[in-house]
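Each remark here refers to the structure printed beneath this line.
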Amino acid sequence: MNKHLDIAILGAGTAGLNALGQVRRHSKNFLLIDGAAEDKLGTTCARVGCMPSKAMIHIAEQFHARRKFKKLGIEGGDELSIDSAAVMERVQDVRDILVDRVLSNTIDKMGEKFLNEFAHFADHHTLQLGDQTVGFDHCIIATGSRPVVPEAWQSLGDQILTTDSFFEQEDLPASMAVIGLGVIGLELGQALSQLGVNVTGVDTLTTIAGLKDPEINRCAIDLIQKEFPLILGQTAQLEKAGDLIRVTAGDHRFTVERVLVSIGRRSNIDRVGLENLGIQLDDHGLPAYDIHTMALKEAPHIFLAGDVNVDTPILHEASYEGKIAGHNAGTGSLSKFKRYVPLHITFSEPNICQVGQSLDQLDESRIVIGTFSMGPHGRALVMSNNRGLIHLYADKEQGTLLGACMVAPRAEHLAHLIAWCLEQNLGLSDMLRFPFYHPVFEEALQGAIRDALGKTTLVHAIPAELTPL
Ligand SMILES: Cc1cc2nc3c(=O)[nH]c(=O)nc-3n(C[C@H](O)[C@H](O)[C@H](O)COP(=O)(O)OP(=O)(O)OC[C@H]3O[C@@H](n4cnc5c(N)ncnc54)[C@H](O)[C@@H]3O)c2cc1C
């Protein structure tokens, strides 16, 4: 054995780097281990995830805004056009800046504390790292996930894209199918359509963006479908058709230049040799773990943080899980930490957000649903963006806030306010006592709170919006 570590961190993504921050406080005898090639390091978020996708969405939104110009009395919008090579260059520039920032603050400064190898467990306290064998007391698995591409489609060549390859494109195609309309597919599909690509979206499900509230789902579909066609409830088949790809989905048959496959991501847990630990793994190859300590139930000196556990594959959760795992590995304890209120945002236009408990988790006979339709909303009307619907869920008798689901402009901000109120266990009346400036999007939330409160069985001797001294 070459050496023995206090802590080994597998994966230099968001979860691994956040674990590193905690581990460093308690030990000098650790290694951060990631086998990705130099041009693949720098976190999924910065390189192929959150940030390049948001860079593209921002450009698409700016270009799409021209469609409202005429209504606002601005001439010349129709003459604007897209230079698709320049769009991709901008997306890649933003990505490079952010990847450089991640690397220069972390791996570039780590010297021998970073090892560029893929790790594999040999047993409960030993890792195989290339031709080295390294012992460890504690290990954090933060090896992330990868896009799923059905085997039959892998042979169709480089016209089949995933988010791993999409941002490397030098220009935009004339036509594209987006297979899978979860958060990633919907965000990128809409952005591509707004940039002038002839996009068709296909999903086996009849819901988009993982929505669980049927009315919000219907509203979101109606709004998105005004921009590009969605084929829902149909499974796509792909085949070569000359230089193009033919997509068949139910009765629909069409050809496209390229296809973005966004049908989900699978954990990289299958690549770390967990089978050598002799612990029980579920059908996805995942071991049982405690979400409050991040420790494996059958091997509590090993932790699982970030997308690798496929529980809540979003950045702020990966980062929090990394911190829990890093703290516990660093201190050699199994302290339990509270988890965040669920907060999910799809950066479509309008935004689609789910916060707290979703409708399918609630007993509808015991809740009220406060509704606000964006149609008459003053600020949204001024901005020519008065489309969408907000649903707020609260306990019928206590008026306690339980969750929300929305498709509304700038709902990303409303979702945060709701999440913070949920974190504080606030009720509808508490929320109404906060100030709401005029005219702001937050007034839509105020409308939904008022509507929900009116549907509860609560009786207020004084107006709910007044705070007695
Ligand atoms: C297109 C897209 C858009 C997204 N947008 C958002 C968004 O807007 N908001 C949001 O909250 N989230 C978003 N996400 C999700 C977010 O990016 C992830 O939740 C987050 O990046 C996960 O971080 P991680 O540390 O778990 O994994 P990663 O950052 O993927 O890190 C895992 C690391 O482990 C390494 N590794 C793998 N196997 C091994 C091994 N055996 N040994 C050593 N190292 C190994 C890999 O090389 C990689 O560097 C998006 C994701 C995608 C793909």
Side-chain angles (χ1 to χ4, degrees), residues 8-20 31-57 91 95 98-99 102-103 106-107 114-121 127-130 134 139-148 161-167 178 180 182-189 191 209 260-262 264-274 294 304-323 325-326 340 342-348 351-353 412 415:
I9 304 170
L10 315 188
T14 299
L17 293 174
N18 276 276
L20 173 70
L31 269 186
L32 176 67
I33 300 154
D34 195 313
E38 208 175 318
D39 65 348
K40 297 278 183 277
L41 284 170
T43 77
T44 289
C45 168
R47 194 173 277 287
V48 293
C50 326
M51 300 318 287
S53 62
K54 266 73 255 172
M56 175 169 274
I57 288 167
V91 170
R95 174 200 63 192
L98 294 167
V99 166
V102 171
L103 294 178
T106 54
I107 291 171
F114 175 72
L115 189 69
N116 193 209
E117 291 286 356
F118 281 114
H120 209 258
F121 287 94
L127 284 170
Q128 193 65 45
L129 305 170
V134 172
C139 179
I140 298 166
I141 307 173
T143 51
S145 62
R146 59 186 186 275
V148 172
L161 302 171
T162 66
T163 48
D164 276 0
S165 49
F166 176 74
F167 300 108
V178 176
V183 174
I184 292 173
L186 192 65
E187 284 184 358
L188 289 175
L260 176 67
V261 181
S262 47
R265 297 177 65 86
R266 69 167 294 183
S267 168
N268 286 331
I269 197 75
D270 57 332
R271 295 179 171 174
V272 297
L274 224 52
M294 305 317 294
L304 204 57
D307 285 15
V308 68
N309 64 41
V310 301
D311 195 20
T312 42
I314 41 181
L315 185 115
H316 69 282
E317 296 282 4
S319 145
Y320 192 67
E321 291 178 359
K323 288 191 176 82
Y340 288 131
L343 170 60
H344 300 277
I345 298 174
T346 302
F347 292 92
S348 50
N351 296 161
I352 296 173
C353 305
E412 60 174 291

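Position 1 is the first residue of the sequence, and the numbers go up from there. Only this structure's heavy atoms are used, side chains among them; waters, hydrogens and symmetry mates stay out. Counting starts at 1 for both ligands and their atoms, in listed order.
Where the criterion is an N or O separation shorter than 3.5 Å, residue side chain and backbone included, Glu117 fails it with respect to ligand 1. For ligand 1, none of its N or O atoms has an N or O atom of Val272 under 3.5 Å away. When only interatomic distances are considered, the shortest N/O to N/O separation between Lys54 and ligand 1 falls below 3.5 Å. Annotation: Phe167 places no N or O atom under 3.5 Å from an N or O atom of ligand 1; distance criterion only.
Every atom of ligand 1 with a heavy atom of Val48 under 4.0 Å away is listed here by number and element: 1 (C), 53 (C). Less than 4.0 angstrom separates some heavy atom of Ala142 from each of these atoms of ligand 1: 32 (C), 33 (C), 34 (O). Counting atoms of ligand 1 from 1 in the listed order, those under 4.0 Å from a heavy atom of Gly306 are 26 (O). Within ligand 1, counting atoms from 1 as listed, the ones closer than 4.0 Å to a heavy atom of Phe118 are 38 (N), 39 (C), 40 (C), 41 (N), 42 (N), 45 (C). For ligand 1, the atoms closer than 4.0 angstrom to any heavy atom of Thr163 are 1 (C), 53 (C). For ligand 1, the atoms lying closer than 4.0 Å to a non-hydrogen atom of Arg265 are 53 (C). Every atom of ligand 1 is numbered from 1 in the order shown, and the set under 4.0 Å from a heavy atom of Ser53 is 3 (C).
At a heavy-atom distance under 4.0 Å, no atom of Lys40 approaches ligand 1. For Leu17, no heavy-atom contact with ligand 1 is shorter than 4.0 Å. Contact annotation: for Asp34 versus ligand 1, heavy atoms closer than 4.0 Å belong to both the backbone and the side chain. For Pro313, every heavy-atom contact with ligand 1 shorter than 4.0 Å involves the backbone, none the side chain. Neither the backbone nor the side chain of Pro147 has a heavy atom within less than 4.0 Å of ligand 1.
His316 has its side chain within reach of Leu343: a pair of non-hydrogen atoms, C-beta onward, lies under 4.5 Å apart. When side chains are defined from C-beta on, Met294 counts as touching Asn309, because their heavy atoms get closer than 4.5 Å. Here the side chains of Met56 and Glu187 are not in contact, with every heavy-atom distance at 4.5 Å or above. In this structure, Leu17 and Val102 have side chains that are in contact, with non-hydrogen atoms separated by less than 4.5 Å. Counting heavy atoms from C-beta on, the side chains of Phe166 and Ser53 never come closer than 4.5 Å. Side-chain atoms of Cys353 and His344, non-hydrogen and from C-beta on, never get closer than 4.5 Å to each other. With contacts defined as side-chain heavy-atom distances shorter than 4.5 Å, the pair Leu188/Val178 does not qualify.
Under the 3.5 Å distance criterion, the side-chain polar atoms of Asp34 are left unmatched by any main-chain donor or acceptor of Gly11. One N or O on the side chain of Glu321 and one on the backbone of Gly306 form a donor-acceptor pair closer than 3.5 Å. Under a 3.5 Å cut-off, the side chain of Arg47 and the backbone N or O of Leu98 do not form any donor-acceptor pair. The backbone N or O of Ser319 lies less than 3.5 Å from no partner atom in the side chain of Glu317, so there is not a single donor-acceptor pair. Judged by distance alone, the side chain of Ser267 and the main-chain N or O of Ile269 form a donor-acceptor pair under 3.5 Å.
Here Ser145 pairs with Arg265 under the side-chain hydrogen bond (donor to acceptor under 3.5 Å, both in side chains) rule; sequence neighbours left out. With sequence neighbours left out, Asn351 forms a side-chain hydrogen bond (donor to acceptor under 3.5 Å, both in side chains) with no residue at all.
When hydrogens are left out, the protein atom nearest atom 41 (N) of ligand 1 is Ala119 O, 3.2 Å; that is the closest non-hydrogen contact. In terms of protein heavy-atom proximity, atom 21 (O) of ligand 1 is closest to Cys45 N, 3.5 Å. The protein heavy atom nearest to atom 43 (C) of ligand 1 is Ile33 O, 3.4 Å. The nearest heavy-atom contact from the protein to atom 27 (O) of ligand 1 is Gly144 CA, 3.5 Å. Protein heavy atom in closest approach to atom 26 (O) of ligand 1: Asp307 N, 2.8 Å. Among protein heavy atoms, the minimum distance from atom 2 (C) of ligand 1 is reached at Gly49 CA, 3.3 Å. From the protein, the heavy atom lying nearest to atom 30 (O) of ligand 1 is Thr44 OG1, 2.4 Å.
Considering all non-hydrogen atoms of both residues, Val308 and Ala142 come closest at CG1-CA, 4.3 Å. Shown here for Asp307 and Pro313, the closest heavy-atom pair between the two residues is OD1-CA, 3.2 Å.
For atom 9 (N) of ligand 1, the choice among Cys50, Ala36, Gly13 with the nearest heavy atom turns out to be Cys50. Scanning Leu129, Leu315, Ile345 for the heavy atom closest to atom 12 (N) of ligand 1 points to Leu315. Counting only non-hydrogen atoms, the option in Thr143, Asn268, Leu41, Ile141 that gets closest to atom 39 (C) of ligand 1 is Thr143.
In this structure, Phe347 has a heavy atom closer than 4.0 Å to ligand 1.
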